[in-house]
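In what follows, every chain begins at residue 1, and chains take the letters A, B, ... in the order their sequences are listed.
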Amino acid sequence: MIFDGYKICVLSGFAGFTKMSGEIISKNISKNGGTIIPLPQARNQTSNLTLIIVPEQSDEKMILKVMNLTSLPSCPLVSPNWAINSTNSKTLHDPNDYQIKKTELPIKRQSPQTYQSPPQSPFEAYKTLPLVPLSNSPEMNRTQTNPILNQNNTRLHDDLLQNKDKYMFTKEQPNLNEHITSVLEILMENYFLLRDRGRGFAYRSAIIVLKSHPEKIICGDQVGNLQKVGKKIKKKIQEILETGTLKRVKAMDEQSRLKAIKEFSKIWGVGSATADKLFTLGYRTLDDLRKNIPQFLNDNQRICLELFDEIKERIPREEVKEISDQVVEYAKLLLPNKDIEANTCGSYRRGKETCGDIDILLTFDDVLENKLFLRELVDYLIEKKVVTHVLILSENCKKHESFTFEGIAKKPDGLHRRLDIKIYPRKYYAWALMHFTGSANFNRSIRLFAKNKGLKLTDEGLFPAIRSHGETICGGNLVECYTEEDIFRLFDMPYKPPEQRDL
DNA sequence: CAGTAG
DNA sequence: GGGCCTTACTG
DNA sequence: GCCC
């Protein structure tokens, strides 16, 4: 047994080292004689540990935070590759060859010369695996074949045909129960703000059912056996039908805590947890915050607090287009020989008259070979005074084969506006376009449907993802789609233009 | 890891 | 008793 | 809060 006598703690779930990978590595270590020390115990007995496996991309600060320690343990910190290579070769590799340097932080701004190509995408590694058979589907009824799927995927075709009409993303009619769902939506939002996730989810699923119910509910008996609508929610529906509102909602509106959390969580970068913390510290209004800025707010939160009054304003469609056009124009200037394809997504693409932010998606050939392009584009936009602030700039496409900028833009005479720019390789473009066009509810619906078929739909494609005894097995992308029309054909649905994805 | 965002 | 769209980044 |  190669790991005999080794006491190992595996730190995963951050810095690009997924929990799933961590679990698989832990399992393999145990299988080969090693002892896995879970984090809580490891914290108290760092001197007992042989070594700690940490993400390749982690640094001292992150490790201290995750371990909740003030100084690093004395044992070596090694890369997950040590365990992977040792297991694969059935021989113990020298941990010293895999040490993560303790003091040196990873370079945030890599220069072109020192840029190292990122490790393989996890999906790449699975591409050679045979497709996992999908759930048991009837062997008959295979008269027509889906033009997107080849013969090997007839099972997938059958599976995608089944039951999809139960889901919101296939919905054809408008919401007939707006009078009920609008009230329940307030309740749902309040519960999420109060971090009562359970109730939040419960109301969310009940709302989905009510929205897709084919008849208008005017009497409590009609909800008799609706899925997800249980006793309590049924009672609330009756109250809404009688009084037009809910006592619970009225009572919540009076709560000073919820009031403050609602206000604070509108600040970009501040969620329910931070908002709650602010309330506990005695803050009640945005003005309280401005007068005495809390120490623990990070730079991004401070910027967005300062610009709050501008960022909160909806952006007229016209202005979204102007800023988008400018960004795309500069992108084309920087890459004159590339055929750049661009879409402004989000509510703009869904046809709204005003938008909360500006969400631009770009692609061209060889995206992954132009790793520094987004940074150059952002630098250029800063120079041209289009972009005023950078909130997030992901420069490494190691796991996710794409690039993201999140920041703030402004026209010379305009307000500060939230701007996102994403760059995806062509082969993911249609999936990404669909993802960023939303709506969020549309995405949820179609993803839940995929999930129930043993599939995983993301901004990068459709994958088999079978969960069995705790491990998720991911296959390579099932099909290549280069247009949204292809994705809808794949799901055997008539094409839905973006304006109809407002669930 | 928790929190936040898409 | 766990899951409730998924994935990535920050601190 | 609801469902498996």
Side-chain angles (χ1 to χ4, degrees), chain A residues 11-20 22 39-40 43 55 57-68 108 122 167-169 184 187-188 191-192 195-209 226-236 265 267-277 296-301 304 345-346 356-357 359 361 391-406 418 420 422 431-432 435-452 455-461 463 465 467 472 474 503:
Chain A
L11 295 186
S12 64
F14 66 105
F17 181 33
T18 61
K19 260 192 155 172
M20 190 182 98
L39 180 58
R43 254 194 281 270
Q57 312 275 335
S58 59
D59 61 48
E60 178 177 337
K61 214 169 121 192
M62 293 157 85
I63 292 166
L64 289 179
K65 189 139 185 172
V66 170
M67 294 201 73
N68 198 11
K108 191 156 184 187
Y167 293 82
M168 282 286 285
F169 73 96
L184 294 183
L187 205 48
M188 173 187 82
Y191 279 126
F192 276 120
R195 288 184 299 167
D196 186 346
R197 288 166 53 86
R199 286 194 176 78
F201 281 124
Y203 281 101
R204 175 183 284 166
S205 26
I207 288 165
I208 289 171
V209 171
L226 276 186
Q227 288 270 302
K228 305 285 180 180
V229 180
K231 253 190 192 161
K232 304 267 196 73
I233 295 185
K234 182 178 174 179
K235 222 175 149 192
K236 293 201 171 54
S265 55
I267 305 167
W268 190 95
V270 174
S272 49
T274 306
D276 198 2
K277 200 160 151 190
F296 68 87
L297 288 190
N298 63 35
D299 291 348
N300 286 347
Q301 292 165 329
C304 294
C345 304
D357 62 2
D359 198 351
L361 182 62
L391 300 170
I392 285 172
L393 183 55
S394 95
E395 301 182 273
N396 45 355
C397 59
K398 45 185 194 304
K399 182 183 186 334
H400 207 240
E401 297 185 331
S402 62
F403 303 87
T404 301
F405 158 81
E406 289 171 32
R418 277 274 300 108
D420 291 349
K422 334 256 157 126
W431 304 103
H435 171 87
F436 290 112
T437 300
S439 65
N441 278 337
F442 178 84
N443 286 350
R444 270 187 204 110
S445 173
I446 192 164
R447 278 159 201 225
L448 180 61
F449 169 74
K451 189 183 176 116
N452 289 338
L455 299 165
K456 188 173 75 167
L457 174 65
T458 74
D459 54 349
E460 288 187 351
F463 309 90
R467 294 194 69 101
T472 304
C474 259
L503 303 187

Under 4.0 Å, counting only non-hydrogen atoms across every strand here, what does [X] touch: a base, just sugar-phosphate, or nothing?
X: A:Gly271; result: sugar-phosphate
X: A:Asp359; result: sugar-phosphate
X: A:Asp420; result: sugar-phosphate
X: A:Ile267; result: sugar-phosphate

Grab the [atom1]-[atom2] distance between [X] and [N] for me, whole Å please.
X: A:Leu393; N: C:dA8; atom1: CG; atom2: C1'; value: 13 Å
X: A:Met188; N: D:dC2; atom1: CE; atom2: P; value: 16 Å
X: A:Phe201; N: D:dC3; atom1: CZ; atom2: C1'; value: 14 Å
X: A:Phe403; N: C:dC9; atom1: CZ; atom2: C1'; value: 15 Å
X: A:Leu297; N: B:dT4; atom1: CG; atom2: C1'; value: 14 Å
X: A:Asn300; N: C:dC9; atom1: CG; atom2: C1'; value: 10 Å
X: A:Phe436; N: C:dA8; atom1: CZ; atom2: P; value: 11 Å
X: A:Trp268; N: C:dT10; atom1: CH2; atom2: P; value: 9 Å

(message) So if I take every side-chain heavy atom of A:Ala202 and compare against C:dG11, D:dC2, B:dA5, which nucleotide ends up nearest?
(response)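 The nucleotide sitting nearest to the side chain is D:dC2.
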(message) Counting only side-chain heavy atoms from C-beta out, which of C:dC9, D:dC2, C:dT7 sits nearest to A:Ile392?
(response)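 In terms of side-chain proximity for A:Ile392, the closest of C:dC9, D:dC2, C:dT7 is C:dC9.
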(request) Assign the ring pair A:Phe192 / A:Phe201 to parallel, tilted or perpendicular, where the plane angle (0 to 90°) is split at 30° and 60°. (result)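 Because their plane-to-plane angle is over 60°, the rings of A:Phe192 and A:Phe201 count as perpendicular.
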(message) If I pick the C1' atom on C:dG1 and the same atom on B:dG3, what distance separates them, to the nearest angstrom?
(response)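 24 Å, rounded to whole Å.
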(message) Measuring only the P atom in each nucleotide, how far is D:dC4 from C:dC5? A whole number of Å is fine.
(response)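 The answer is 15 Å between these two P atoms.
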(request) Check A:Tyr191 against A:Gly200 and note the closest heavy-atom contact, atom names and distance. (result)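 Closest heavy-atom pair between A:Tyr191 and A:Gly200: CB-N, 3.9 Å.
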(request) Without swapping roles, check the side chain of A:Gln301 against the backbone of A:Gly269 for a donor-acceptor pair under 3.5 Å. (result)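 Flag set: sc A:Gln301 to bb A:Gly269 pair under 3.5 Å.
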(message) If the condition is side chain to side chain donor-acceptor pair (under 3.5 Å), which residues does A:Asp196 pass it with, not counting sequence neighbours?
(response)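 Partners of A:Asp196 by the side chain to side chain donor-acceptor pair (under 3.5 Å) criterion, ordered by chain and then number, come out as A:Arg199.
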(message) For a quick test of reading the model: is some side-chain N or O of A:Thr274 closer than 4.0 Å to OP1 or OP2 of B:dT4?
(response)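 Checking B:dT4 against A:Thr274, a side-chain N or O does come within under 4.0 Å of OP1 or OP2.
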(request) Check whether any side-chain nitrogen or oxygen of A:Arg204 sits under 4.0 Å from OP1 or OP2 of C:dC5, and answer yes or no. (result)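 Checking C:dC5 against A:Arg204, a side-chain N or O does come within under 4.0 Å of OP1 or OP2.
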(request) Mind checking side-chain contact (heavy atoms from CB on, under 4.5 Å) for A:Ala206 and listing every partner two or more places apart, or none if nothing turns up? (result)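 Once residues adjacent in sequence are excluded, the partners of A:Ala206 under the side-chain contact (heavy atoms from CB on, under 4.5 Å) criterion are A:Val229, A:Ile233.
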